[in-house]
Number of protein chains: 2
Amino acid sequence: MTDQLMTIREMCDAFDVTARTLRFYEQKELISPIREGQKRLYTRKDRGRLKLILRGKRFGFSLEEIRQLLDLYSLGDGQTTQYLRTYEIAQKHLADLEARRDELNDVISDLKEQLQWGEQRLSQINEKDVSA
Amino acid sequence: MTDQLMTIREMCDAFDVTARTLRFYEQKELISPIREGQKRLYTRKDRGRLKLILRGKRFGFSLEEIRQLLDLYSLGDGQTTQYLRTYEIAQKHLADLEARRDELNDVISDLKEQLQWGEQRLSQINEKDVSA
DNA sequence: AGTGGTATTGACGCAAACGTAAAGGAACGT
DNA sequence: ACGTTCCTTTACGTTTGCGTCAATACCACT
């Protein structure tokens, strides 16, 4: 299985984060590894959550916002009582993400235009250099 | 024209930021409004830059990174000596942005799956309620 | 018993990105 | 002249997200 337990060091190497970071996330209740005596052991679930945390950070979410998002993925076991609310929140998040993607596409288009404009200027300069 | 000059308050209202934020960005040389006596007056150019700043923040860029991106858009006047370096930086940013968009699309797909899964659970519950 | 490697819990430090007074100038109406 | 409103600079405070010791503990060798 992929249910391999990993030490903190293995996690650091695998995800390119420091041990301090992992303990910090744990303190903020973003992940909750098993304790074998003193040592922490990270499960597949922890790895999944960490992956989402790092993703969230890349998109400018605060750790607190990420914690809320993580809760979305951690149901399937608990009662469905609160699920309707969660569902609505998730819908909003989805809309937000899609808006972000659209905006990101716009930014990419703009940047590409700028670069093409720059390329033309560069080629003009090169022509000058050659003809001089 | 849209070359209307705006006061700091008008900017705050238009972009939903505080005056402190605008002054802070100015101190960091992200924007550079005109000075009429004591007061700041923001041009169309300033508004364009602010828009990009806020966009950048939404995607998790630091202000320092945003400053570099802004420099891309503000050439066309200065020397092209440094442009090659800037061009390379821009290429990297572009690749980064496209990777982000792809990742964002993955996240959106995942979330949609989760939601559909949730919808099925909800409809099952509703059936129970009806048959009870 | 000593040495080395890895983990753990504090605790303090720090940069980024502003918030929040404090104190004062400039323009305006009355 | 006075109060009000809007802006200014200066400067200290705060939160987030970790970095960086310091002291301690566990385990494996030798």
Side-chain angles (χ1 to χ4, degrees), chain A residues 4-43 45-71 93 96 100, chain B residues 4-43 46-47 49-71 89 93 96 100 103:
Chain A
Q4 266 288 358
L5 296 180
M6 290 173 66
T7 71
I8 200 169
R9 194 56 45 180
E10 290 168 335
M11 289 291 282
C12 293
D13 295 346
F15 291 92
D16 195 35
V17 294
T18 68
R20 175 69 175 98
T21 301
L22 292 176
R23 296 194 194 101
F24 183 75
Y25 290 165
E26 183 179 348
Q27 184 187 325
K28 294 283 171 178
E29 296 180 78
L30 293 172
I31 42 181
S32 45
I34 301 170
R35 282 308 184 96
E36 188 175 31
Q38 280 277 47
K39 303 193 175 176
R40 291 166 171 83
L41 289 178
Y42 296 85
T43 68
K45 179 187 159 200
D46 294 317
R47 290 192 287 278
R49 291 177 73 94
L50 181 55
K51 192 174 170 185
L52 286 177
I53 293 168
L54 298 179
R55 268 187 170 170
K57 289 201 58 184
R58 257 170 273 145
F59 292 108
F61 289 103
S62 74
L63 291 183
E64 180 52 33
E65 290 172 318
I66 291 170
R67 205 175 56 76
Q68 294 183 23
L69 282 172
L70 279 172
D71 291 344
H93 271 297
D96 188 50
R100 268 171 192 252
Chain B
Q4 267 288 359
L5 296 179
M6 290 173 67
T7 71
I8 200 168
R9 194 56 45 182
E10 289 168 336
M11 289 290 283
C12 293
D13 295 346
F15 290 92
D16 194 33
V17 294
T18 69
R20 175 70 176 96
T21 300
L22 292 176
R23 297 193 193 102
F24 182 75
Y25 290 165
E26 183 180 349
Q27 185 188 325
K28 293 284 171 178
E29 296 179 79
L30 293 172
I31 43 183
S32 46
I34 300 170
R35 282 307 184 98
E36 188 174 32
Q38 281 278 45
K39 302 190 175 178
R40 292 168 170 83
L41 290 178
Y42 296 84
T43 68
D46 294 318
R47 290 192 287 279
R49 292 177 71 93
L50 180 56
K51 192 174 170 186
L52 285 177
I53 293 168
L54 298 178
R55 266 188 172 172
K57 289 202 58 185
R58 255 171 275 143
F59 292 108
F61 290 103
S62 73
L63 290 184
E64 180 53 33
E65 289 172 318
I66 291 170
R67 206 175 55 75
Q68 294 183 21
L69 281 171
L70 279 172
D71 291 344
I89 295 174
H93 271 299
D96 188 49
R100 270 169 193 254
E103 195 178 357

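Just so we're on the same page: letters track the sequence lines, and every chain starts at 1. Values reported hereafter were calculated over all heavy atoms of this structure, with side chains retained and with hydrogens, waters and symmetry mates removed.
- Note that CG of L5(B) and NZ of K39(B) are 13.5 Å apart. Values are rounded to the nearest 0.5 Å.
- Atom CZ of F15(A) and atom P of dC18(D) are 15 Å apart (whole Å).
- At whole-Å resolution of the value, CD in E36(B) and C1' in dA27(C) are 12 Å apart.
- A salt bridge links D96(A) with R100(A): the distance from a Lys NZ or Arg NE/NH1/NH2 to an Asp or Glu carboxylate oxygen falls below 4.0 Å.
- Here the OG1-CE distance, from T18(B) to M11(B), works out to 12.0 Å after rounding to the nearest 0.5 Å.
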| query | When you check every protein heavy atom under 4.0 Å of nucleotides 3-22 of chain C, what one-letter string (B, S, -) results, 5' to 3'? | reply | ----SBB-B-----BBBB--
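- Counting heavy atoms from C-beta on, the side chains of I34(B) and R40(B) never come closer than 4.5 Å.
- Counting heavy atoms from C-beta on, the side chains of I66(B) and K57(B) come closer than 4.5 Å.
- Salt-bridge check for R67(A) with E64(A): passed, with a basic side-chain N closer than 4.0 Å to an acidic carboxylate O.
- Remark: P of dG19(D) and CG of L22(A) are 10 Å apart, rounded to the nearest angstrom.
- With rounding to whole Å, I66(A) atom CD1 is found 8 Å from dG17(D) atom P.
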